[in-house]
Amino acid sequence: SFTMNMYLFVYDLMQFCGHSWIFTNMIIRFMTFGKDSLADTFYSIGLVMRLCQLLSVLEILHILIGIDKSHLLPRFLQITERIIVLFVVINSQEEVQGKYVVCVLFFLWNLLDVVRYTYNMLARMGIYYLPLTWLNFSLCIPLYPLSVLAKGFAICVSLPYFESFGTYSIKLPFPFAFSIYFPYVLKMYLLVLFIGMCFIIQNLFSERKAHLGTGNIKNKRS
């Protein structure tokens, strides 16, 4: 319906503004301060980044109620990956927040999202600009695996701090005699992360073929 389409357009516009601000801020800070800007990336843009990622949870709801025709599982995996790495790994360990990998990760996420939300906004209005369509469905194929590697590296960097501080590790008192050692949970999640990457990459290739096939390109040009 027109109302739902307008709602999705406003949602994409909000995400575009947030990610554009982050992306522009990162570039300007790097051009102004050079390498010194990398260490405090999280402190300067972390709040807006967290708001944008929390807002992205709505995309799962959009698919569940049927107003977005995207595939649920790939989108769910991509969103939960970011939520876990940003809120559980980076946000909980101040020592990790100053690492260069955080800057790399934020750069990759926002580059992908600026393109994706620009494409989505135009698509809501029935506008399909061929170079933007190609960029939207092609850029993610090399950049998504790079972002997964950056997530994995961020988790590996955080492990010593989770071990030292015991963050999220739980030991239940007698008579349960049960404990959860969180670094082990993160190590198992690394395996899940890379298995999920294989599935998502396959889905990205399928989407690219569906949107950039010869027939679809001709239809959109006409």
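Keep in mind that the numbers below use all heavy atoms, side chains included, and drop hydrogens, waters and symmetry copies.
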Colleague: Answer yes or no: is there a side-chain heavy-atom contact under 4.5 Å between Ile201 and Pro145?
Modeller: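 Sidechains of Pro145 and Ile201: in contact.
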Colleague: Do Leu72 and Ile67 share a hydrophobic cluster (ILVMFWY, side-chain heavy atoms under 4.5 Å, transitive)?
Modeller: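 As far as the 4.5 Å side-chain criterion goes, Ile67 and Leu72 are connected within one cluster.
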Colleague: What side-chain donor-acceptor pairs closer than 3.5 Å can you find for residues 84-95, not counting sequence neighbours?
Modeller:
residue : atom : partner : partner atom : Å
Asn91   : OD1  : Arg50   : NH1          : 2.9
Ser92   : OG   : Val88   : O            : 2.3
Gln93   : NE2  : Thr167  : OG1          : 2.9

Colleague: Could you work out, with side chain to side chain donor-acceptor pair (under 3.5 Å) as the rule, every residue matching Ser70, not counting sequence neighbours?
Modeller: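 Result, side chain to side chain donor-acceptor pair (under 3.5 Å) vs Ser70: Asp68.
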Colleague: Heavy-atom count check: over 12 atoms from other residues, nucleotides or ligands less than 6.0 Å from Met31 CE?
Modeller: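 Counting neighbours around CE of Met31, 12 or fewer heavy atoms of other residues, nucleotides or ligands fall under 6.0 Å, so no.
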Colleague: Working note: Phe76 + Ile63, criterion side chain to side chain contact (heavy atoms under 4.5 Å, CB included); need CA distance, chi angles, decisive distance, verdict.
Modeller: CA-CA 10 Å; Phe76 174 80; Ile63 298 172; over 6 Å; no
Colleague: Tell me if the centroids of the rings in Phe23 and Phe107 come within less than 6.0 Å of each other.
Modeller: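 Centroid separation for Phe23 and Phe107: below 6.0 Å.
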Colleague: Among all residues two or more places apart in sequence or in another chain, which pass the side chain to side chain donor-acceptor pair (under 3.5 Å) test with Arg82?
Modeller: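 With sequence neighbours excluded, Arg82 shows a side chain to side chain donor-acceptor pair (under 3.5 Å) to Asp113, given in chain and number order.
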Colleague: Centres of the Phe16 and Tyr117 rings: under 6.0 Å?
Modeller: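 Distance test on ring centres: not under 6.0 Å, no.
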Colleague: Of all residues at least two apart in sequence or in a different chain, which pass the side chain to side chain donor-acceptor pair (under 3.5 Å) check with Asn110?
Modeller: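 Counting only residues at least two positions away or on another chain, Asn110 forms a side chain to side chain donor-acceptor pair (under 3.5 Å) with His19.
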Colleague: Quick one: are Met188 and Val192 in side-chain contact, heavy atoms under 4.5 Å?
Modeller: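 Met188 does not reach Val192 side chain to side chain.
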Colleague: Tell me every residue that passes side chain to side chain donor-acceptor pair (under 3.5 Å) with Glu81, counting only those two or more places apart in sequence or in another chain.
Modeller: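 Checked Glu81 against side chain to side chain donor-acceptor pair (under 3.5 Å); matches are Tyr144, Lys151.
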Colleague: According to ring pair (Phe, Tyr, Trp, His ring centres under 6.0 Å), does anything in residues 33-62 pair up with another residue at least two apart or in another chain? List the pairs.
Modeller: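 Those involving residues 33-62 are Tyr7-His62, Tyr11-His62.
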Colleague: Given the rule in the side chain to side chain contact (heavy atoms under 4.5 Å, CB included) test, do Cys52 and Val48 qualify, once you have shown the distances and angles that lead to the verdict?
Modeller: CA-CA 6 Å; Cys52 287; Val48 181; 4.2 Å; yes
Colleague: For Arg208 versus Trp134, what's the shortest heavy-atom pair and its separation?
Modeller: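 The pair with the smallest heavy-atom distance is NH2-NE1, 3.1 Å.
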Colleague: Verify whether the ring centers belonging to Phe137 and Tyr119 lie closer than 6.0 Å.
Modeller: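 They qualify: ring centres under 6.0 Å apart.
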Colleague: As a quick check of understanding, evaluate side chain to side chain contact (heavy atoms under 4.5 Å, CB included) for Phe194 and Leu149, giving each step before the final call.
Modeller: CA-CA 9 Å; Phe194 285 99; Leu149 290 175; 3.9 Å; yes
Colleague: What orientation do Tyr181 and Tyr184 show, parallel under 30°, tilted 30 to 60°, or perpendicular over 60°?
Modeller: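 Ring orientation, 0 to 90° scale: perpendicular.
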Colleague: Report yes or no: do Leu51 and Ile83 belong to one cluster of Ile/Leu/Val/Met/Phe/Trp/Tyr joined by side chain heavy-atom distances under 4.5 Å?
Modeller: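 Different clusters.
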